[in-house]
Student: 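I am attaching a structure below and will ask some questions about it afterwards.
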Amino acid sequence: MSNVLIVGELKNGELKKISKEITSAGRKIADALGGKVTALLIGSGVEKFAGDLGAVGADSVVTVNAGDFNAETWANLVAGVIKDKNPSVVLLPHTSQGKDYSPRVAVKAGAGIVADVVGLSVDGGKVVAKKPIYSGKAYGNFKVTSPVAIFTVRPNSQEVVQKAGGGAVEAASPAAGDAKVKIVSSDLSGGNKVQLAEASIIVSGGRGIKGPENWPVLQGLADVLGAALGASRAAVDAGWIPHSHQVGQTGKTVSPNCYIACGISGAIQHLAGMGSSKYIVAINKDGDAPIFKVATYGVVGDLFEVVPALTDEFKKVLG
Amino acid sequence: MKIIVLVKQVPDTETNIKVGDKSINETGIKWIISPYDEFAIEEGLRLREKNGGEVIAVSLGPDRVQESLRQAYAMGADRAVQIKVDNYVPFDTTLTSELIANFAKSENADVIIGGRQSIDSDSSQVVVQVAEALGIAHIAFAVSLEISGTAVKSTKEVEGGTQVVETSLPVAITAQKGLNEPRYPNLKGLMAAKKKPIETKTPADLGNPTSKIEVVGLEPPPPRIPGRKLEAADAKGFAEQLVKALREEAKVI
């Protein structure tokens, strides 16, 4: 049997889209391998999401009651469920949390791991994982040779497919153990905004926005679209916006469905972070800017005229 | 305080990558230290300057990685160790972590610090795997770090903000941008670094771990959806066309 375990993720008590994405991806793998999909949800009151995951392909859902996220205890809980359920494939989110605990899970399970995967297929009874390498300038295909294979999956890379599973819910209580790292305080003031790394639409600004006072121009468009606000290194280094908004090599890697680059020239380090976006819109006064080489739709024009017009137009059609 | 800094050698960002069957064609590639590892080296040096001890720079790979180790020497590292793996696969994180963990154990290191990810594989795995293999604490995405005695206090980036966390030595840290500004090696340092010894270890010295990854093959990136520049008389015209294109053609909004 080649069963698949996926580990969902929540934010502010809500199920994240990545949880459904990897459940659907897990379903596809399990169908090809002739196995079952178990979804694991950790948190309090997580039982209520079992139906959501059942609707996208989970045969059963295991719930573990736990408090706030801590990488060490989470790794213990996930490894405990792996030991109990003995899956041959485990899919985890390649999110901020995923990057924090997945390495510990791999070591605990004695498993090979391929991280930041964007494609999953099955060949000869084994999963082949595809991931961008060398800043997206190449793609690699990898198999894991250990009995348990772990993959962390990039948000927005997998389609959510409605496919009913079984829906049985089982509570488990693996040992959480003690954490050596104690969380003293959290500042999550940016927490209610749309998260950059997982956003399906990003409105991003660069040197062309001219100063920090002009972010509202882009934020207006982002609000209408339910998009996250990104920035180029130039805008971050100028002190116009915190580093947490930076997209690119020394910022976040993003793969949204739509990336709207406003006043961004498109340095190679920026392209490294957003080059895998599905559709790219570039709005820039300089028609020779390198961003136009990757843009699906290019607008050579002044962002201070085009972006507000675009915001108005979207307001009209999106109501 | 014994500090191990992890130095991964990667192709320069601007380098044109030519894909071979199972690895890239290395001809003409300019190699650099992965940018996040520069933050790690800098932080290691600062910890030593404050707490005393030594900074050991470690790099895995064939002999070309000695160049990166010499740069770490030039920045101020006290020792440099090459874990000599001739056919090093930069994506094999569990093998890499086991080798590093076994080395760190033999050195009885207090602090292990590396970049939050390398820019060739973007896996964000090795440092935390090393922590797990050694049974020690880790702090991922550190943007500040204070160590006094055995007490460790750090601010780390988390989704939507930051957290202040505390632990005690030994600890493994992944360096996020913002932790520091890496120093440049000066000419004198670069000259001196040329003469310094580089210790080598082989996988056989470090428990001979086995790989758990098979490289099926590399390929060029998928072709992009062909792009076009829109033509319009004014901003409103552009906006109308863009909305139409994104909703009816791309169907993403």
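Quick note: numbers below take in every heavy atom, side chains included, and nothing from hydrogens, waters or symmetry partners. In what follows, every chain begins at residue 1, and chains take the letters A, B, ... in the order their sequences are listed.
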Student: Could you please state which residues from residues 28-40 of chain B sit under 4.5 angstrom from chain A, measuring non-hydrogen atom to non-hydrogen atom, sorted by number, or 'none'?
Tutor: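 Only P35(B), Y36(B) of residues 28-40 of chain B have a heavy atom under 4.5 Å from chain A.
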
Student: Heavy-atom distances under 4.5 Å only: say whether T162(B) touches chain A with side chain, backbone, both or neither.
Tutor: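 It is both, since atoms from each part get that close.
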
Student: For the pair K16(A) and E159(B), find out whether any cationic side-chain nitrogen is under 4.0 Å from an anionic carboxylate oxygen.
Tutor: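 Salt bridge present between K16(A) and E159(B).
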
Student: Between A232(B) and chain A, with a heavy-atom cut-off of 4.5 Å, which part of the residue counts as in contact: side chain, backbone, both or neither?
Tutor: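 Neither part.
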
Student: Just verifying a value: how many Å separate E313(A) CD and R247(B) CZ, rounded to the nearest 0.5 Å?
Tutor: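 Between atom CD of E313(A) and atom CZ of R247(B) there are 10.0 Å.
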
Student: What's the spacing between L242(B) CG and I283(A) CD1 if we round to 0.5 Å?
Tutor: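 Spacing of CG (L242(B)) from CD1 (I283(A)) equals 6.0 Å.
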
Student: Once rounded to the nearest 0.5 Å, what's the spacing between atom OG1 of T296(A) and atom CG of L246(B)?
Tutor: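 Result: 8.5 Å between the selected atoms.
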
Student: Going by distance alone, is a donor N or O of one side chain under 3.5 Å from an acceptor N or O of the other, for S186(A) and Q163(B)?
Tutor: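 Yes, because at least one side-chain N or O of S186(A) sits under 3.5 Å from a partner of the opposite role on Q163(B).
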
Student: Using a 4.5 Å heavy-atom cutoff, which residues in residues 109-119 of chain B come close to chain A?
Tutor: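 The residues closer than 4.5 Å to chain A, in numerical order, are R116(B), Q117(B), I119(B).
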
Student: May I ask you to decide whether E305(A) forms a salt bridge with K236(B), counting only side-chain N to carboxylate O separations under 4.0 Å?
Tutor: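 K236(B) and E305(A): not salt-bridged.
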
Student: Using non-hydrogen atoms only, which part of K156(B) is less than 4.5 Å away from chain A: side chain, backbone, both, or neither?
Tutor: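 For K156(B), side-chain heavy atoms alone lie under 4.5 Å from chain A.
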
Student: Under 30°, 30 to 60°, or over 60°: which ring-plane class applies to F91(B) and Y134(A), parallel, tilted or perpendicular?
Tutor: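 Perpendicular.
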
Student: Please determine, among V128(A), I260(A), T311(A), V294(A), the option with the most heavy-atom pairs under 4.5 Å with chain B.
Tutor: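 Top option by heavy-atom pairs under 4.5 Å: V294(A).
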
Student: What part of L95(B) gets closer than 4.5 Å to chain A, counting heavy atoms only: side chain, backbone, both or neither?
Tutor: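 No part of L95(B) comes within 4.5 Å of chain A.
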
Student: Apply the side chain to side chain contact (heavy atoms under 4.5 Å, CB included) test between K137(A) and each candidate in N16(B), D120(B), I17(B); give the one that qualifies.
Tutor: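 It is I17(B); the other options fail the test.
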
Student: Examine distances only and state if a side-chain atom of S96(A) and a backbone atom of V158(B) form a donor-acceptor pair shorter than 3.5 Å.
Tutor: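 The answer is no, because no donor-acceptor pair under 3.5 Å joins these two groups.
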
Student: Could you grab the distance from atom NZ of K99(A) to atom CD of Q125(B), nearest 0.5 Å is fine?
Tutor: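 Reported to 0.5 Å precision, the distance equals 10.5 Å.
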
Student: Between S154(B) and chain A, which part of the residue has a heavy atom less than 4.5 Å away: side chain, backbone, both or neither?
Tutor: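 Contact with chain A is absent: no heavy atom of S154(B) under 4.5 Å.
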
Student: Under a 3.5 Å cutoff, is there a donor and acceptor pairing between the side chains of E249(B) and Y297(A)?
Tutor: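 The criterion, which ignores hydrogens and geometry beyond distance, is satisfied for Y297(A) and E249(B).
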
Student: If we count only N and O atoms by modelled type, under 3.5 Å, do the side chains of S123(B) and K131(A) hold a donor and an acceptor together?
Tutor: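 Short answer, yes.
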
Student: With a 4.5 angstrom heavy-atom cut-off, could you sort out which part of Q176(B) is near chain A: side chain, backbone, both or neither?
Tutor: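 For Q176(B), the contact with chain A is made by the side chain alone.
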
Student: Which pair of non-hydrogen atoms, one from H138(B) and one from A71(A), has the smallest distance, and what is that distance?
Tutor: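 Residues H138(B) and A71(A), closest heavy atoms: CE1-CB, 3.7 Å.
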
